[in-house]
Amino acid sequence: MLYPFGCGLTYTTFAYDNYKVSLKDNRLLELSLDVKNTGSTASDEVVQIYGSAPASRSRLPRAFTRST
């Protein structure tokens, strides 16, 4: 695995559900999902998605946003 998940320190667990993926105008990939804290300790989660586009001329990430 190139980027292993679970490397951060947390004292709770999370569940991921309702994945949605759509391609906008052949250039923008939009992803959404629900994240739920299933443990007994308050915490937050930053979901990271890694992908590649071998035919792309750009080598840098296009955007990163953190939603609440």
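Given the structure is predicted, the values throughout are model-derived calculations rather than measurements.
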Original post:
Under a single-linkage definition using a 4.5 Å side-chain heavy-atom cutoff for Ile, Leu, Val, Met, Phe, Trp and Tyr, are L28 and V21 assigned to the same hydrophobic cluster?
Top reply: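 Result: no, two separate clusters.
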
**OP:** Hey, could you give me the CG/CG distance between N18 and L33, rounded to the nearest 0.5 Å?
**Re:**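 Between N18 CG and L33 CG, I get 8.5 Å after rounding to 0.5 Å.
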
**OP:** State the CG-NZ distance between L29 and K24, to the nearest 0.5 angstrom.
**Re:**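 Those atoms lie 10.5 Å apart.
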
Original post:
What residues form a side chain to side chain contact (heavy atoms under 4.5 Å, CB included) with D44, not counting sequence neighbours?
Top reply: R66

Original post:
So, the side chain of T38 versus the backbone of T13: is there a donor-acceptor pair under 3.5 Å, distance only?
Top reply: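 Yes, because the side chain of T38 sits within donor-acceptor range (under 3.5 Å) of the backbone of T13.
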
Subject >> Non-hydrogen atoms of S43 and T12 that approach each other most closely >> reply: CB-CG2, 3.6 Å

Original post:
If you take all heavy atoms of T41 and Y11, which pair is closest and at what distance?
Top reply: OG1-O, 3.4 Å

**OP:** Give every residue pair that meets the salt bridge (charged side-chain N to carboxylate O under 4.0 Å, His left out) criterion with at least one member in residues 45-56, sequence neighbours excluded.
**Re:**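 Matches after skipping sequence neighbours: none remain.
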
